[in-house]
Protein chains: 2
Amino acid sequence: MVKNTHSTIASNVFQQLKNEIITGAIPQGQKISEVSLSTRLGISRGPLREALRLLEAINLIERTPHSGSKVVSLSYSKIRELYQIRELMEGFATRLAASQMTRPEIDTLYRLLDSHHNQIESSGTHVYLQEEGDKDFHYYIYSKCNNQWLLDYLDNSLYQLIMMCRQQTAQIPSRADLGISEHIAIIDAISDRDPEFAEILMKRHIKGAWETVKRLIFEVDLESK
Amino acid sequence: MVKNTHSTIASNVFQQLKNEIITGAIPQGQKISEVSLSTRLGISRGPLREALRLLEAINLIERTPHSGSKVVSLSYSKIRELYQIRELMEGFATRLAASQMTRPEIDTLYRLLDSHHNQIESSGTHVYLQEEGDKDFHYYIYSKCNNQWLLDYLDNSLYQLIMMCRQQTAQIPSRADLGISEHIAIIDAISDRDPEFAEILMKRHIKGAWETVKRLIFEVDLESK
DNA sequence: AAGAATATAATTGTTGACAATTAATAATAT
DNA sequence: ATATTATTAATTGTCAACAATTATATTCTT
């Protein structure tokens, strides 16, 4: 039932390392030694190097010739630029999706939101579940944008970095409601076939997320001194 | 004087293959055999595979596990989606640049345009020179956007594909003037510190380029049957 | 003792052989 | 003759050893 046909060591290791970086198991800025990592994983350096190239391609590690790789460290300005470009691209993706989603797809989106909402209420207010639901919601929309370059960049590169930011600011419990009402408003705009408005709402939603992240970064900064 | 310090076989081969693909020396859709290519280049398969990973990262080749790599083939819809996303991102980059470029940088941009204009008039109307100048102009602007993710994506991924499109439609001589007056208008808006207008003009400019490409694709299509 | 030059160690880059998988060919059954 | 299975060939994936480069430690000079 696992879709691990066509699996290779390189791609598996890529997935594993991606998770370890995003969750912070391998901390930001850490230098990566090919020999020690490959021995830890029980593989040779060949596939590991391929995995590292893939990680570099989605901006999770930086690589300098003859010197080595290290996990990216997300400075304040990098995160700001990240949310800036996310607002632009995901806003546009939402506009495209709003003009192209079918009625059944919109219904599914409503149900998706409902189910997440119920899950959160029934199982207490687990932040983890909320964030999973948030991710699903955003993914479901931008995956309907009908532009393969946009989708590829949002899904493979931008969102990985966004997840990393969340991990970085997740120590402090975030705002209780992750913008559920905003989510509803966005779907309503899509349902009304109003792409411009859907885009505006999504951009505001992301801008709000950025404000939260910014505040958390500031608070973490205060705590550490 | 060459800045090939820190050069590796993999990165050199990457550059070479990138050029061969963009210029069409290796045609679109062609399957790539690792053994024959590595022997042709006189290297082993290791660095070639690294180069192929890099090419995959900028969307110039597609790769399927255990099957192999092939050069991407730019269908009509892919090109349309490419220009769609280029308009969005480069337009936004222009807005950012307009609000952040310094006066000396703007002056340099004016001189750049002048020098290209003179070169074209003096040496006849070489299409090649025009396109080089066009590329320089666009690069100089979006490189001032102050957003590393945006710059990275525009420069490394999108523009490589755009160059491929041009190659594809370059058999037919394109419109005589590549929009020099539009270029001037864009710089003027930047010089006037009017980011919104600069963005609008850049988006219109790119939309115009797309209309030209679309027409050329259509004509090529007619010729071939 | 401080700094520069040299030598040593550690790390990354490259290679060629081998294993695993897929594509192509030949043989067999209906 | 066609479709299906078995066999062979070709291609990609992985490994371990070697070469080239960079980082570290040591020695030497002032």
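Computed over heavy atoms, backbone and side chain alike; hydrogens, waters and symmetry mates excluded. Fair warning: this is a prediction, and the values are worked out from it, not measured in the lab.
The ring of A:Y159 has its center closer than 6.0 angstrom to the ring center of A:Y142. The aromatic ring centroids of A:H183 and A:H205 lie less than 6.0 Å from each other. Ring pair B:Y76/B:W210: centre-to-centre distance below 6.0 Å.
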Heteroatom pairs (N/O) under 3.5 angstrom, protein to nucleotides 13-18 of chain D:
from	atom 1	to	atom 2	distance (Å)
D:dG13	OP1	B:H66	N	3.3
D:dG13	OP2	B:R49	NH1	2.5
D:dG13	OP2	B:R49	NH2	3.0
D:dG13	N7	B:R45	NH2	2.8
D:dG13	O6	B:R45	NH1	3.0
D:dT14	OP1	A:I9	N	2.3
D:dC15	OP2	A:S44	N	3.1
D:dC15	OP2	A:S44	OG	3.4

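Cation-pi geometry between B:K144 and B:Y140 is met: the NZ or CZ atom falls under 6.0 Å from the ring centre, inside 45° of the normal.
A donor-acceptor contact closer than 3.5 angstrom is absent between the side chains of A:S36 and A:T39.
Across the protein-nucleic acid pair, A:L52 atom CG and C:dG13 atom P stand 10 Å apart, rounded to whole Å.
Contacts of B:L48 with the nucleic acid, taken as non-hydrogen atoms under 4.0 Å apart, are absent.
Within the structure, every side-chain polar atom (N or O) of B:K31 is placed at least 4.0 Å from both OP1 and OP2 of D:dA10.
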